[in-house]
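Here is the structure we will look at, set down as structure tokens.
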Amino acid sequence: MNTSLSSNRLTGLTLLIAIAFFMEQLDSTIAVTAINNIANDLSVHSTTITMAIAVYIMTLAIFLPIGGWSAKNFGCKNTFLFAIILFTIGSFGCGFSNNIYLFLSSEVVQGIGAALMVPVGRLFVIQNSKKSELAKRISILVWPGLIAPIFGPSLGAYITTYYSWHWIFFINIPIAIILFFLAWYFLPTENINKQSRIKLDSLGFLLSSLMLVMGLGSLDWLSNFGINRIIPWALLTSSIIFGTLLNNHISKSESPIFSLAPWKNDKNFKHTLISGSICRAALSGLPILIPLFLQSELGLSMIESGNIILTMFAGNLLMKTFTTSIITKCGFKKPLIISSLISTLSILGCWYGQHNILFICVMLFLIGCMRSLQFSLYNTLAFSELPKPFLNSANVLNNLFTQISFAIGITLVSIFIRLGSNSNVVSSSHISILPFLGFALLALLPLMFLCFIHKDYGNSVR
């Protein structure tokens, strides 16, 4: 731990990194509502733009392990600054795109920049935080993942309606420039021993890339074309095969792209990672499902339904003030069990209160509260008892599982809607109870794995 950093300074740096995370997370959802406008301007089909956005998420996931390697070899500060530069260049390119090729390549550059920001920023905070302050720091880092998916579609709809889709990407530029200079001035410079630098595990990176490309590609295919095709299942099978090869390679390599030691040596960490990923998948699809539902059943506009979703943000914000005290007084396991039950009932409540906007708002507020609490608890618990040598690898694993779980949650929205309707087309014409029932059951599933986590696990950060 870098003891030269005061508590106040580290809190400020944590907030700085959280803002960078917010910018990265926002870009994953803000362009969704502008897909048709972008497609018309670039003279391509809307599915092509959907693919380009999926490429951004896929690139982000693929290059996540590079962030951990880069932090070891070049330092957190240098990697973080380089990531901001890449993200800014990508934003410029997307905003000025006049053809699909420039737009697609710019999304790739953005994705690489985002991939370097995510693990490196979190690793810096974890490595420099005392155990007693870890919950507070993680709570700050979690809020971008809570707020951005809620604000993204509404903000994108507003910008596209009243300005131009180009500004969806241009708004990143001033934020990125300010973040760069603040990070350059305030982030401490590490002393990097050039002799201790490790060579990039090229084979491990190739195998992990193929695994993620095939896996996320299958999810994107399922999301757009349904489950009655052989291609997504062939891609998923290929992903499992490459994952098996990657596991064998990591077990034999002296310096793998990332280590599985935290997963293999700490059963509590493994079960925390699994249950947390299921929870994120269950809750990440709701900011997309609920607006479609409100437009379908209540005839609300895209902007009106987006405004109602903001009640989830109010719940997120309120719960943030109580998260640290809940951890201190109650630990982790019991609050996670109770919040899983409340999330399940609240998701079902959104369906049964479909003709009462006030009741839906109350349910969304509760979901926001539980979402905030669960994300903070899982992210803190994952690193609470790990020794320092495991932190880098655990950070990479946590980020990989997080990105995959978000992709699964978004994919399940379209799959559940298709399964619950007579049509194979996802639209807001009618949404049955099936998506709500599916996400409610998914929100309940983490209880199976929480049972295997020791009741005192995580007490060192209380």
Side-chain angles (χ1 to χ4, degrees), residues 134-136 138-147 149-150 268-269 271-287 289-290 309 311-353 359-384 398 401-402 405-406 408-409 412 436-459 461-462:
L134 185 61
K136 176 183 176 183
I138 293 294
S139 181
I140 295 174
L141 288 177
V142 163
W143 70 266
L146 296 169
I147 299 173
I150 298 174
N268 289 300
F269 171 79
H271 290 123
T272 298
L273 209 57
I274 294 173
S275 56
S277 298
I278 296 172
C279 170
R280 293 184 188 97
L283 298 178
S284 60
L286 295 179
L289 173 64
I290 299 298
I309 282 291
T311 54
M312 287 179 66
F313 167 67
N316 290 333
L317 195 63
L318 178 66
M319 184 55 70
K320 270 284 166 274
T321 60
F322 299 103
T323 301
T324 303
S325 60
I326 289 174
I327 292 174
T328 302
K329 295 178 181 179
C330 306
F332 291 90
K333 190 170 181 177
K334 187 182 294 184
L336 283 172
I337 292 173
I338 294 173
S339 57
S340 296
L341 294 172
I342 295 175
S343 293
T344 300
L345 295 174
S346 299
I347 293 170
L348 291 174
C350 288
W351 164 262
Y352 286 107
F359 185 79
I360 292 175
C361 287
V362 172
M363 294 298 101
L364 291 176
F365 179 80
L366 287 175
I367 291 172
C369 289
M370 297 305 103
R371 190 168 175 264
S372 175
L373 180 62
Q374 288 174 288
F375 282 19
S376 294
L377 290 175
Y378 278 121
N379 278 285
T380 306
L381 186 60
F383 303 102
S384 60
N398 186 68
F401 272 70
T402 298
S405 63
F406 284 153
I408 290 173
L412 286 175
F436 292 89
L437 187 60
F439 280 114
L441 291 174
L442 199 61
L444 197 62
L445 191 58
L447 295 179
M448 291 178 57
F449 298 93
L450 287 172
C451 295
F452 295 103
I453 298 175
H454 194 275
K455 64 178 182 178
D456 295 326
Y457 191 67
N459 277 356
V461 302
R462 294 177 64 182

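Along the sequence shown, the residues carry numbers beginning at 1.
Using a 4.5 Å heavy-atom cutoff, the side chains of K320 and I140 are not in contact. Within the 4.5 Å cutoff, the side chain of S277 has no heavy atoms near those of the Y378 side chain. Side-chain contact between F375 and L283: present, with at least one pair of heavy atoms (C-beta onward) separated by less than 4.5 Å. Looking only at side-chain heavy atoms (C-beta outward), F269 and Y457 come within less than 4.5 Å of each other.
Across I347 and A440, no two heavy atoms sit closer than the pair CG2-N, 4.0 Å. Listed here is the closest heavy atom pair of L377 and I327: CD2-CG1, 3.3 Å. The minimum heavy-atom distance linking I453 with S275 is given by the pair CD1-OG, 4.3 Å. Of all non-hydrogen atoms in G409 and S284, the two that sit nearest each other are CA-OG, 3.4 Å. Between A443 and A282 the shortest heavy-atom distance is N-CB, 3.5 Å. Residue I408 comes nearest to A281 through the heavy atom pair CG2-CB, 4.3 Å, listed as atom of the first residue, atom of the second, then distance.
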Passes side chain to side chain contact (heavy atoms under 4.5 Å, CB included), I290 versus F436? Steps please. CA-CA 9 Å; I290 299 298; F436 292 89; 3.6 Å; yes
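Side-chain atoms of K455 never come within 3.5 Å of backbone atoms of K333 as a donor-acceptor pair (strictly under, hydrogens ignored). Here the side chain of S384 pairs a donor or acceptor atom with the backbone of L381 at under 3.5 angstrom. Put simply, the side chain of T321 never gets that close to the backbone of L317: no donor and acceptor are under 3.5 Å apart.
Distance check, rounded to the nearest 0.5 Å: CZ of F401 to CD1 of I278 gives 10.0 Å. The distance from the OG atom of S340 to the CD atom of Q374 is 4.5 Å, given to the nearest 0.5 Å. The CG atom of L442 sits 11.0 Å away from atom CG of L437, with the distance rounded to the nearest 0.5 Å. Atom-to-atom distance recorded for S343:OG and I338:CD1 is 12.0 Å, nearest 0.5 angstrom. Going from atom NE2 of H454 over to atom CG of N459 covers 9.0 Å, rounded to the nearest 0.5 Å. Note that CG of L447 and SG of C279 are 10.0 Å apart. Values are rounded to the nearest 0.5 Å.
Take F322 and apply the ring-ring contact (aromatic ring centres under 6.0 Å, His included) test, not counting sequence neighbours, and it matches no residue. For T402, the side chain to side chain contact (heavy atoms under 4.5 Å, CB included) criterion is met by R280, N398, F406, not counting sequence neighbours.
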Counting only pairs under 3.5 Å, give me each side-chain donor-acceptor contact of residues 361-369, with atom names and distances, residues two or more places apart or in other chains.
none

